[in-house]
Number of protein chains: 4
Amino acid sequence: MAEQDKKTRILNAAMKIFACKGYQYTTIAEIAKEAGVSKGLVHVCFENKLDILLDVILFFIDTVNDLINQKLARCTNPVEKLHAVFAALMELMSQSSRNLYWGHILKEVLPDTEKIKDENLKKKYALIIGGARQLQLTLDELIADGQRQGLIESSLKPQIIRQIIGGSSQMLYQGLILESHGRRVMGYTEEDVRDGIVTLIDKFVIK
Amino acid sequence: MAEQDKKTRILNAAMKIFACKGYQYTTIAEIAKEAGVSKGLVHVCFENKLDILLDVILFFIDTVNDLINQKLARCTNPVEKLHAVFAALMELMSQSSRNLYWGHILKEVLPDTEKIKDENLKKKYALIIGGARQLQLTLDELIADGQRQGLIESSLKPQIIRQIIGGSSQMLYQGLILESHGRRVMGYTEEDVRDGIVTLIDKFVIK
Amino acid sequence: MAEQDKKTRILNAAMKIFACKGYQYTTIAEIAKEAGVSKGLVHVCFENKLDILLDVILFFIDTVNDLINQKLARCTNPVEKLHAVFAALMELMSQSSRNLYWGHILKEVLPDTEKIKDENLKKKYALIIGGARQLQLTLDELIADGQRQGLIESSLKPQIIRQIIGGSSQMLYQGLILESHGRRVMGYTEEDVRDGIVTLIDKFVIK
Amino acid sequence: MAEQDKKTRILNAAMKIFACKGYQYTTIAEIAKEAGVSKGLVHVCFENKLDILLDVILFFIDTVNDLINQKLARCTNPVEKLHAVFAALMELMSQSSRNLYWGHILKEVLPDTEKIKDENLKKKYALIIGGARQLQLTLDELIADGQRQGLIESSLKPQIIRQIIGGSSQMLYQGLILESHGRRVMGYTEEDVRDGIVTLIDKFVIK
DNA sequence: GATGAATGAGCTTTCATTCAT
DNA sequence: AATGAATGAAAGCTCATTCAT
């Protein structure tokens with residue numbers, strides 16, 4: 001209970017600071033301070049810094065996959081599903097209002113992952129890779145389904161379409177966040193982003 | 001002359017290693033070794049590690065802007081220009097065949113940039129921001145032009161379209177690189193990527 | 001009563017783990033776990049980690065001294081006594097079947113003893129030193145007695161003879177333990193060790 | 001040259017402090033200070049603390065083996081050889097006038113050696129074990145030779161005799177060192193020790 | 001009495017940076 | 001101009017010890 005509570009607080013603190021400063025520039029001391037606990041406790045709850053990151057990413061992926069499955073259950077049409085899934089993702093990014101792209105972060109941290117020897121961490125890493133893979137497969141299958149039903153255009157592979165829509169979403173949100181941090185002027189709003197993605201998806205829909 | 005030569009070698013070495021391992025995980029010692037010079041010389045040619053990165057990014061942005069301007073000069077039609085610009089960008093990403101997204105790296109390194117006190121570095125940083133801004137503006141103007149001429153659809157802001165096409169390009173290439181590093185199976189080829197971007201751009205073109 | 005019980009369990013646990021891993025590498029957490037009590041309780045029963053060690057050593061020294069006095073009471077002849085004492089020591093080492101040489105451990109821990117400020121600990125430390133001294137004196141006196149009675153050769157000081165017999169015993173047993181831990185092949189058995197010590201003692205006996 | 005010099009200085013400093021305080025209580029900072037170099041340099045010259053220790057032990061073992069072989073070359077008679085070898089060892093212990101029993105230290109550090117993953121360290125460790133083994137074998141062979149020639153008594157295994165003489169030497173010298181550190185009154189001199197060992201060896205010689 | 005969550009001092013280790021040569 | 005030995009600040013991590021419950 002208390003432990004879970006602290007673990008969650010550390011996780012939230014880590015999520016926040018990783019998002020602001022990037023994994024590598026974040027120190028355990030900062031996470032501890034932000035979470036209002038001691039450095040030592042961080043190492044009681046987590047094996048090491050990488051372990052924290054893996055948990056953050058895992059939490060994020062789980063949230064995303066849950067959200068998506070939930071949305072998928074409510075639609076039948078692949079096109080509706082696609083819209084629903086990306087709407088959900090945008091909502092999540094908006095909610096979290098954090099510059100946390102686990103995609104980016106995983107990439108930033110890849111050199112570190114090669115050092116993973118600990119079995120627990122290996123498992124977590126495998127879960128993450130599996131979760132990410134699952135997300136991809138779900139989307140690809142969705143698009144392929146639409147293509148088979150003649151609802152989505154077939155000139156491009158599902159993977160390409162998935163990457164286009166996904167990449168656009170990420171970049172558009174990243175722009176918003178950069179703007180909110182005052183580091184850039186992008187000249188568009190969250191409203192524009194949502195419209196953009198809806199429009200983009202519809203481009204691949206056969207009317 | 002000799003100095004320029006050394007500086008270029010260091011820059012190339014840095015570009016290569018930053019691309020492989022990320023800025024943070026790259027050590028000056030590695031750069032020096034790769035460049036075939038001493039660690040000391042690196043600090044003679046550059047103020048510090050960040051300075052190297054800024055130069056790398058600056059070089060990249062300059063290359064991109066030059067390439068784009070060169071391509072733009074050869075076309076008149078905004079749609080042709082758009083295709084030409086992104087074709088050029090893809091070619092560049094392909095050529096460099098390096099996991100070097102200055103966008104990513106700039107983001108990775110942002111926390112470090114806040115420490116910039118040195119006037120020279122401040123100037124370089126401003127140049128980079130200016131260059132990136134310039135690239136954005138060029139693209140936005142191009143799209144806006146197309147919209148004014150009725151060649152590109154006007155339902156979305158130019159910034160949104162630019163971000164969609166740019167983001168898609170980046171994500172698609174990132175997937176290729178991940179695959180080439182054996183870290184993911186994406187299931188598409190460079191050919192697919194080029195087709196995807198051409199198709200994507202055409203989606204915004206009014207026929 | 002209950003406290004005594006807990007204290008004994010902690011002491012036994014500590015003895016076991018100190019013996020296996022050495023004082024420094026043993027953590028309070030391990031001792032607590034082995035003893036089946038909480039970490040907190042360890043600090044209720046003992047001032048600190050060093051206090052536990054001092055108690056372990058004290059227990060060991062007391063056991064040795066008791067055993068020796070017991071054996072000495074049964075013999076009259078100095079040579080018999082000498083044999084009896086070392087037979088008892090060997091038996092003890094064999095019984096404990098633990099790699100616990102308080103001599104070694106005291107040495108390992110000496111730097112820590114300099115930090116002793118607490119009066120209780122100072123007293124315990126003094127008791128240990130006194131006990132060790134007592135053991136030495138008993139042996140030396142025994143040998144001196146034998147020399148005076150013309151039973152033990154007088155060309156060497158009693159201290160030298162004591163150190164030779166004691167050192168040999170320790171080294172021989174240490175070899176056995178190393179072998180039992182699979183870290184060395186010594187090529188002798190406990191039987192050989194006992195024979196060796198008996199033979200060694202007899203070398204100093206005048207026939 | 002400079003590097004070798006520093007490495008030697010660090011090694012000497014480490015030897016001295018390991019000897020005084022034990023491996024585990026010695027910090028890199030202390031070694032660096034004693035050697036008159038920075039902490040960083042210690043890690044330039046050695047992989048880590050354990051690496052330093054292994055080098056110290058290796059140096060010691062090499063010195064011992066060299067010294068012994070040198071002595072052995074000058075004698076023909078096994079008994080003479082035995083005397084020569086232990087005389088050499090005593091001389092070495094006396095010279096080094098340091099409380100450095102690599103036997104003790106190896107034992108103290110054994111838990112740490114199980115963590116050895118690095119290939120270089122594994123090799124060093126193997127060299128040490130091999131060197132120690134070699135030393136044992138040399139002595140055992142020497143004693144066995146003497147037994148075969150009817151010069152040394154055969155009632156005890158060579159290993160037992162070796163362990164007795166070796167253990168006695170160590171204990172006697174340890175006593176001297178404890179005394180010199182003011183931690184004990186042993187009541188014998190270096191002279192007594194040398195006499196003791198000579199006498200002890202002669203006990204196993206058949207006249 | 002007993003617990004174990006929480007602490008933080010102190011350690012090893014890394015590496016950008018300096019500077020004597 | 002060029003080197004690389006040397007530095008030391010700063011990070012991750014361990015664990016004896018404390019204390020609210």
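Not measured: the values here are computed from a predicted model. In what follows, chains are A, B, ... by sequence order, proteins preceding strands, each numbered from 1. Reckoned from all heavy atoms, side chains included, excluding hydrogens, waters and symmetry mates.
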Comparing A:Ser38 with C:Gly36, nearest DNA chain E nucleotide closer to 5' gives the residue C:Gly36

Could you pull out all residues at least two apart from [X] that satisfy side chain to side chain contact (heavy atoms under 4.5 Å, CB included)?
X	answer
A:Ser38	A:Leu41
B:Lys122	B:Ile116, B:Glu119
C:Asp62	C:Leu58

Applying salt bridge (Lys or Arg N to Asp or Glu O under 4.0 Å), which residue pairs with at least one partner in residues 31-45 of chain D are found, sequence neighbours left out?
-> D:Lys16-D:Glu34

Starting from [atom2] on [N], measure out to [atom1] on [X] and report it in whole angstrom.
X	N	atom1	atom2	result
B:Lys7	F:dA2	NZ	C1'	16 Å
A:Lys33	E:dG8	NZ	C1'	15 Å
C:Lys21	F:dT14	NZ	P	13 Å
A:Phe46	E:dA6	CZ	P	12 Å
B:Tyr25	E:dT14	OH	P	14 Å
C:Leu41	F:dT17	CG	P	15 Å
D:Leu121	E:dT13	CG	P	10 Å
D:Ile10	E:dT13	CD1	C1'	14 Å

Report which part of the nucleic acid A:Val42 touches: base, sugar-phosphate, or nothing (heavy-atom distance under 4.0 Å, all strands).
-> nothing

Hey, what do you get for CZ (B:Phe59) to CG (B:Asn12), rounding to the nearest 0.5 Å?
-> 6.5 Å

If you round to the nearest 0.5 Å, how far is NZ of B:Lys7 from CD1 of B:Ile52?
->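 Separation between the atoms: 10.0 Å.
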
Results of side chain to side chain donor-acceptor pair (under 3.5 Å) for B:Thr27 - residues two or more places apart only =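 B:Thr27 satisfies side chain to side chain donor-acceptor pair (under 3.5 Å) with B:Glu30 once adjacent residues are dropped.
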
Are any side-chain N or O atoms of B:Tyr23 and backbone N or O atoms of B:Leu50, one a donor and one an acceptor, separated by less than 3.5 Å?
-> yes

Provide a list of protein-nucleic acid N or O atom pairs under 3.5 angstrom, restricted to nucleotides 9-13 of chain F.
{"residue": "F:dA10", "atom": "N6", "partner": "D:Lys39", "partner atom": "NZ", "Å": "3.3"}
{"residue": "F:dG12", "atom": "OP1", "partner": "A:Lys49", "partner atom": "NZ", "Å": "3.2"}
{"residue": "F:dG12", "atom": "OP2", "partner": "A:Ile28", "partner atom": "N", "Å": "3.0"}
{"residue": "F:dC13", "atom": "OP2", "partner": "A:Lys49", "partner atom": "N", "Å": "3.2"}
{"residue": "F:dC13", "atom": "N4", "partner": "A:Lys39", "partner atom": "NZ", "Å": "2.9"}

Difference in axis direction between the ends of the helix from E:dA2-F:dT21 to E:dT21-F:dA2, five pairs, 10° | 10°

Mind jotting down which residue pairs meet the side chain to side chain donor-acceptor pair (under 3.5 Å) criterion with at least one end in residues 47-57 of chain C? Sequence neighbours excluded, please.
-> C:Glu47-C:Asn120, C:Asp51-C:Lys124, C:Asp55-C:Lys124

Contact under 4.0 Å: D:Lys6 side-chain N or O vs F:dA6 OP1/OP2 |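 Affirmative; the distance criterion is met.
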
